[in-house]
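Report on one structure; see the data block that follows.
FYI, side chains are in, hydrogens and waters are out, and symmetry mates aren't considered; it's all heavy atoms of this structure. Just so we're clear, the structure is a prediction, and the values are computed from it rather than from any experiment.
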Amino acid sequence: MLAANFDLNAPSTYHSATSMSVYDSLGNPHTLSLYFLMTAANTWSVFGANDGVQIGATPTTPVGVLNFDSSGAIDTATTTLPFNISTAVTTGAATPLAFTLDFSGSSQFGSSYGVNALTQDGSTSGRLSGFAIGSDGIVLGRYTNGETRAQGQIVLGNFPNPQGLQPLGSSMWGETAQSGQ
């Protein structure tokens with residue numbers, strides 16, 4: 001089958017497909033669909049669509065081509081990874097939405113198509129919903145999107161005799177000979 005026959009709306013023109021969420025600069029989710037079409041022995045053209053709109057200069061332009069060697073591993077000499085993707089968004093976010101697809105862990109074996117793992121490093125927008133301070137003084141912010149991020153660190157001190165510290169006012173204390181270093 002040739003890439004010229006590809007049509008994302010016609011499942012008979014590609015062999016397999018998968019999708020995942022990608023996020024723009026405002027945290028808005030978009031559906032990235034990937035379509036795999038075997039164009040020659042051990043060669044797969046990968047087409048993409050963002051929210052149902054095909055990515056690429058023309059309908060027959062893949063976002064990349066995967067070449068495999070006779071053992072089923074990615075042929076790194078003839079496959080350029082990662083694929084750099086750029087697609088327009090109309091959500092008010094920075095456009096184009098640019099990201100990379102890395103297929104370096106992919107393989108081609110004599111079995112049915114399957115996706116074992118999809119990973120992405122973006123997330124939807126979130127608001128600070130709480131915080132915690134760890135025993136090491138790191139302040140962690142928890143967000144409504146499930147993310148946790150370090151916000152800063154409080155310097156902690158430990159004295160042999162805390163009762164020997166001198167009160168300085170405004171919740172501040174000073175070291176003394178009685179408190180120790």
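The cluster map of Ile, Leu, Val, Met, Phe, Trp and Tyr, joined by side-chain heavy atoms under 4.5 Å apart, puts Met20 and Phe83 in the same cluster. A single hydrophobic cluster is not seen to contain both Ile85 and Tyr23; linkage of ILVMFWY side chains at heavy-atom distances under 4.5 Å, directly or through other members, places them apart. Each of Leu26 and Val22 belongs to its own hydrophobic cluster when Ile, Leu, Val, Met, Phe, Trp and Tyr are linked at side-chain heavy-atom distances under 4.5 angstrom. One hydrophobic cluster, built from ILVMFWY side chains closer than 4.5 Å, cannot hold both Ile133 and Leu140; they sit in different ones.
Within the 4.5 Å cutoff, the side chain of Ile74 has heavy atoms near those of the Leu81 side chain. Side-chain contact check for Phe68 versus Trp44: some heavy-atom pair is nearer than 4.5 Å. Between Leu32 and Ile55 the shortest side-chain heavy-atom distance falls below 4.5 Å. Considering only heavy atoms from C-beta on, Glu175 comes within 4.5 Å of Phe159 through its side chain. Under the 4.5 Å side-chain criterion, counting only non-hydrogen atoms from C-beta, Asn67 is not in contact with Asn42.
Note that the CG atom of Leu66 and the CD atom of Gln108 stand 9.5 Å from one another [nearest 0.5 Å].
A donor-acceptor pair shorter than 3.5 Å can be found between the side chains of Asp24 and Thr91.
Under a 3.5 Å cut-off, the side chain of Thr95 and the backbone N or O of Val89 do form a donor-acceptor pair. With hydrogens and angles disregarded, no donor-acceptor distance shorter than 3.5 Å links the side chain of Asp69 to the backbone of Asp75. Although no hydrogens or angles enter the test, the distance criterion places no donor-acceptor pair under 3.5 Å between the side chain of Thr43 and the main chain of Thr39. No side-chain donor-acceptor contact under 3.5 Å links Ser45 to the backbone of Val65. Distance alone, capped at 3.5 Å, is enough to place a donor-acceptor pair between the Ser129 side chain and the Arg142 backbone. For the pair Thr13 (side chain) and Asp7 (backbone), a donor-acceptor distance under 3.5 Å is present. Panel note: side chain Thr144, backbone Arg127; a donor-acceptor pair is recorded below 3.5 Å. Not one N or O on the side chain of Ser107 forms a donor-acceptor pair closer than 3.5 Å with the backbone of Ala73.
Contact record, Leu97 with His30: CD2-CD2, 4.2 Å, taken as the closest heavy-atom pair. Pairing each heavy atom of Ser179 with each of Pro160, the nearest pair is O-CD, 3.2 Å. In this structure, Thr176 and Gln166 approach most closely via the heavy-atom pair CG2-CB, 3.5 Å. The shortest heavy-atom contact between Ala49 and Tyr35 is CB-CE1, 4.0 Å. Nearest heavy-atom pair, Gly48 versus Val63, reported as atom, atom and distance to 0.1 Å: N-CG1, 4.0 Å.
Note: Tyr14 and Phe36 fail the aromatic proximity criterion, with ring centroids not under 6.0 Å apart.
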